[in-house]
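Please read these numbers as outputs of a predicted model, since none were measured by experiment.
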Amino acid sequence: MPATPAVVLAATAVTGSMLTGCSVGDTAGCGPAPLAEVSQADLYGSYSGPHGARLDLTAVGGTSVTFSVKDWPGEDGTEILAEDIPTFNGGGIWKLLNAPGQDGKVGLGFDARTEHAGSDAVNELLVGREDGHLVLFAKLGDPDVCRTYELAP
């Protein structure tokens, strides 16, 4: 059965940022292949996402790890795949949320000075590998319809 545009969504921008979709019923393979055994040092760097979104994960010494975002979506639903959604700039502290041996997950804790970073903003990203490259992504909306928000280095 051929997929329809409402069920499958795939676009790649020149920067390498991606919006990914899978067919209904394919949620186990939704998004990049999960990556376990990831450390904070593996994740330091800059990531670009859809519609100019940018995430920088940095270390300021010791165990303090900070992040900054630019043009970050103010929501975490499938609406963030549209170009005309509200975005914001800001930052805070990030950390790995997964236990050793589990698939990598990054938590973003926005600081109080970050405007528009409500509880609806994307604040958890899974760690995966796609085409040999580390990527960060969030699964969006209905788990029966695969839609991901992906950031690549």
Side-chain angles (χ1 to χ4, degrees), residues 9-22 27-143 145-153:
L9 174 64
T12 303
V14 174
T15 64
S17 60
M18 298 178 196
L19 305 174
T20 307
C22 309
T27 58
C30 181
L35 185 62
E37 301 301 326
V38 63
S39 71
Q40 287 180 332
D42 296 330
L43 299 172
Y44 297 140
S46 298
Y47 300 85
S48 298
H51 317 303
R54 183 174 178 89
L55 169 66
D56 294 310
L57 300 177
T58 58
V60 290
T63 58
S64 295
V65 286
T66 61
F67 73 91
S68 63
V69 294
K70 182 176 185 269
D71 295 327
W72 198 250
E75 303 174 3
D76 70 351
T78 56
E79 299 82 17
I80 69 174
L81 300 177
E83 284 192 54
D84 60 349
I85 57 120
T87 62
F88 65 92
N89 300 332
I93 303 293
W94 69 275
K95 64 181 178 178
L96 284 172
L97 301 176
N98 57 292
Q102 292 181 339
D103 292 344
K105 184 186 284 188
V106 174
L108 304 176
F110 290 95
D111 61 31
R113 297 174 307 197
T114 300
E115 292 184 37
H116 309 295
S119 60
D120 292 339
V122 174
N123 59 15
E124 287 187 7
L125 297 162
L126 300 169
V127 181
R129 186 167 302 281
E130 189 166 73
D131 298 327
H133 300 285
L134 185 92
V135 293
L136 302 175
F137 67 102
K139 294 181 180 182
L140 307 172
D142 183 348
V145 179
C146 177
R147 292 210 174 35
T148 61
Y149 183 80
E150 189 172 318
L151 299 118

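With H51 contributing its side chain and L81 its backbone, the two residues share a donor-acceptor pair below 3.5 Å.
Screening F110, Y44, Y47, W72 for a ring-ring contact (aromatic ring centres under 6.0 Å, His included) with F67, the sole residue that qualifies is F110.
Heavy atoms only, all atoms of each residue included: C30 and F137 are closest at O-CE1, 4.3 Å. Taking each heavy atom of G31 and C146 in turn, the nearest pair found is N-SG, 3.9 Å. When every heavy atom of D42 is checked against every heavy atom of E37, the shortest pair comes out as OD2-O, 4.2 Å.
Residues forming a side chain to side chain donor-acceptor pair (under 3.5 Å) with D71 (at least two apart in sequence, or on another chain): none. Under the salt bridge (Lys or Arg N to Asp or Glu O under 4.0 Å) criterion, D56 pairs with R54, not counting sequence neighbours. Residues that satisfy the salt bridge (Lys or Arg N to Asp or Glu O under 4.0 Å) test with E75, not counting sequence neighbours, are absent from this structure. Checked against side-chain contact (heavy atoms from CB on, under 4.5 Å), A33 has no partners two or more places apart in sequence or in another chain.
Counting heavy atoms from C-beta outward, L151 and L125 have side chains that approach closer than 4.5 Å. Residues T148 and L140 have side chains not in contact (no heavy-atom distance under 4.5 Å, counting atoms from C-beta outward). In this structure, L35 and L134 have side chains that are in contact, with non-hydrogen atoms separated by less than 4.5 Å. With contacts defined as side-chain heavy-atom distances shorter than 4.5 Å, the pair T78/I80 does not qualify. Put simply, the side chain of L55 reaches to within 4.5 Å of the side chain of L136, judged on heavy atoms. Inter-residue side-chain proximity for E150 and P32 is flagged as met; some heavy-atom pair is nearer than 4.5 Å.
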Under 3.5 Å donor-acceptor pairs involving side-chain atoms of residues 92-101, not counting sequence neighbours:
unit_1	atom_1	unit_2	atom_2	d
W94	NE1	T58	O	3.4
W94	NE1	T66	O	3.1
N98	OD1	K105	N	3.1
N98	ND2	Q102	O	3.4

(request) Kindly determine whether L43 and V38 satisfy side-chain contact (heavy atoms from CB on, under 4.5 Å), including the steps that lead there. (result) CA-CA 8 Å; L43 299 172; V38 63; 3.9 Å; yes

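Note that CD1 of I85 is 9.0 Å distant from CD of E79, once rounded to the nearest 0.5 Å.
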